[in-house]
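Below is one structure, written out as C-alpha cells, with a few remarks after it.
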Amino acid sequence: MANYDDDGKDGEDETTSDIKIPPTTTTGHFCVDIQQEGEGSRAGQGMKEMYKMKLQHAQATEILNLLCPNILMLLNVEKRNMIRIALNCAAQQDNAEFVLRVTKANPELIALVTSVCLNYPVFVITAVEYRKAAVFSLFLCRHFEIMAAATPAKMRAARETGNNLLHLAASLAPDSYLNSISGAALQMQRELQWFKAVESVVDAGYRLHQNKEGLIPIEYFKKNHKGLRAEGEKWMKDTASSCSVVGTLIVTIMFTAALTVPGGNNQDSGYPMFIKEKLFKVFLISDALSLFSSTTSVLVFLGILTSRYAEEDFLCSLPTKLIIGLSTLFLSIATMMISFSATIMIMLQYNSLRLWVTLPITMLAGVPVTLFVLLQFPLLVKVFSSTYGPSIFKKKVEEWS
C-alpha cells in the first residue's frame, strides 16, 4: 500500500506493488507547496490532512476497481450477502460513487442484490425509503441498465406482493430527513416531489397496483401524509394571516397618503402645491407602487387562506402564491418607506436644518426593510429554490457515465 512521508512523496510497499496508486499530482494542486508551509502552520497541517484523505480515497477506489470484476467468482453465498449489506449501507449514506463503481465494474451484481418482492435493487429501495437523492439520481440515469437484470419470475413475484416501489415512496419519510426541511408545507412539497420522481420511472401498472390494504399508491400517500398535510395547512394559514394583516395596514396608510398629499392642494387650481417638484414625483410613484403591491399581496394571501389544501396544491400552487405574496409585501414595505422619506424631504427642503433631520430619518426608514429582509427573505429564498430551483435529482446521464 502506498505510504505518505514528510517529503510529500508517496512510496510503494513491495508486497502490494501490483496495485497502482495514482501519483500525488492527481490529488490536486493544493499539495504542491505543503513543505513550504512549515510543520507548525495550521494551513500546512490542514492541507496535509486533505491530501492524505484524497490519497486514501484514491487507494480505496483502485482496490475496489480490482476486486469488483472477479467478486462473483470469489465469494460464497454468505459473503455475497455481505455485498447486499454493503450496498445497502452505501445507499443509506447516500454514497452514490461507491454504488456506481460496483455496479459498473460488475453489472451481474445488480441481479444479485435485486429484491424478489419489489423487483428493484436493494440500494434503490433504500434510497427511496430513506430519501437519498444522489443514489436515486444514479438510478434515474441508469434505469434501463439496472432493470435489465430483472427476470420475468421476479416481475411476477412483484405483482403478487403488497407494496411496490411507488407504495414505498408514498410512505412518510424518516423524521431525520423531514427535520432538515424548514416548514411543514415545504416538507409536504418535498414528499410530493419524491413521489412524482418515483412515479415517473415505475411501470404504469404500478400506479394502479393495490397493496394488501387495498390502496393504490396515491391513496396510500394521502393516508400516510394526512398529519403532515394538516400541519402544512396550519403553517400556510398562519403565515398568510400574519402577512395579510401587515398588507392591509399598508393599503390603508398608502390610500390615505394619496388623498392627503404633502403641502396640500392649491385653492385656486386644486392641484398639489409641490406638483412640479422632483421629490413629489418620487412620492407619487412610490405611493402608487406601495398601494398596488400591498393590495396584490392581500389578495394573494386571501387566496391562500381560501385554498382547498389538497395534497397536490403543496407541490406548486400554494408555494407560488406564497412567493408572490411575500415578494409584493416586501415591495410595498420598501416603497412605503421611500414615500415617507420623500414626504419628509419635501416638507423640509427649504429649511436650514434639513440635512440634520432628513439624513437620520432616511437611515431609520431603512430599518423596517432590513428587518424584513433578515426575517422573511430567507423563507422566500427557500420556497423559491424548492419550487423553481434545481431539482434534488439533478444528476445528468453524462455525469454518471
Side-chain angles (χ1 to χ4, degrees), residues 182-183 185-186 235-236 238-266 270-302 304 319-389:
S182 60
L186 295 183
W235 185 86
M236 273 285 185
D238 291 344
T239 304
S241 298
S242 302
C243 293
S244 60
V245 171
V246 178
T248 303
L249 291 174
I250 296 176
V251 169
T252 305
I253 295 171
M254 291 297 100
F255 186 79
T256 305
L259 297 180
T260 57
V261 295
N265 298 325
N266 191 308
Y271 290 109
M273 296 291 294
F274 299 105
I275 192 172
K276 295 182 180 180
E277 298 287 341
K278 292 182 179 180
L279 288 174
F280 188 80
K281 295 178 181 179
V282 173
F283 163 79
L284 286 179
I285 294 173
S286 59
D287 183 87
L289 286 175
S290 181
L291 179 62
F292 297 151
S293 59
S294 58
T295 303
T296 303
S297 176
V298 171
L299 292 177
V300 171
F301 287 126
L302 181 62
I304 293 178
T320 300
K321 291 178 181 178
L322 186 60
I323 291 171
I324 296 174
L326 289 175
S327 300
T328 51
L329 182 62
F330 171 74
L331 179 61
S332 65
I333 293 175
T335 50
M336 179 181 66
M337 292 296 100
I338 295 174
S339 176
F340 172 77
S341 300
T343 302
I344 297 298
M345 292 180 183
I346 291 173
M347 295 172 59
L348 300 176
Q349 61 180 329
Y350 300 115
N351 193 296
S352 59
L353 298 177
R354 62 182 182 277
L355 291 178
W356 295 98
V357 178
T358 56
L359 186 59
I361 290 178
T362 304
M363 295 177 62
L364 290 174
V367 173
V369 180
T370 304
L371 287 177
F372 185 89
V373 170
L374 294 176
L375 298 177
Q376 298 299 329
F377 193 71
L379 172 62
L380 179 60
V381 172
K382 289 180 182 178
V383 177
F384 184 86
S385 176
S386 179
T387 307
Y388 298 106

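Just so it is clear, the model here is predicted, and its values are computed rather than measured.
Distance check, rounded to the nearest 0.5 Å: OG of S294 to CE of M336 gives 9.0 Å. To the nearest 0.5 angstrom, T295 atom OG1 is 4.5 Å from L291 atom CG. With values rounded to the nearest 0.5 angstrom, S297 atom OG is found 7.5 Å from I250 atom CD1.
Looking at residues two or more places apart in sequence or on another chain, you find a side-chain hydrogen bond (donor to acceptor under 3.5 Å, both in side chains) between T387 and Q189. Evaluation of the ring pair (Phe, Tyr, Trp, His ring centres under 6.0 Å) rule for F280 yields F283 as partners, not counting sequence neighbours.
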Return all side-chain donor-acceptor pairs below 3.5 angstrom for residues 319-334, not counting sequence neighbours, or 'none' if the list is empty.
residue, atom, partner, partner atom, Å
T320, OG1, C316, O, 2.6
T320, OG1, Y388, OH, 2.6
S327, OG, I323, O, 2.7
T328, OG1, I324, O, 2.8
T328, OG1, G325, O, 3.1
S332, OG, T328, O, 3.4
S332, OG, L329, O, 2.6

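At distances below 3.5 Å, not a single donor-acceptor pair connects side-chain atoms of S385 with backbone N or O atoms of V381. At least one donor-acceptor pair under 3.5 Å links the side chain of T296 to the backbone N or O of F292. At least one donor-acceptor pair closer than 3.5 Å links the side chain of T256 to the backbone N or O of T252. Under a 3.5 Å cut-off, the side chain of S290 and the backbone N or O of S286 do not form any donor-acceptor pair.
Taking the side chain as every heavy atom from C-beta outward, V298 and F301 never approach each other to under 4.5 Å.
Few gaps surround CZ on F372; more than 12 heavy atoms of other groups in view lie less than 6.0 Å from it.
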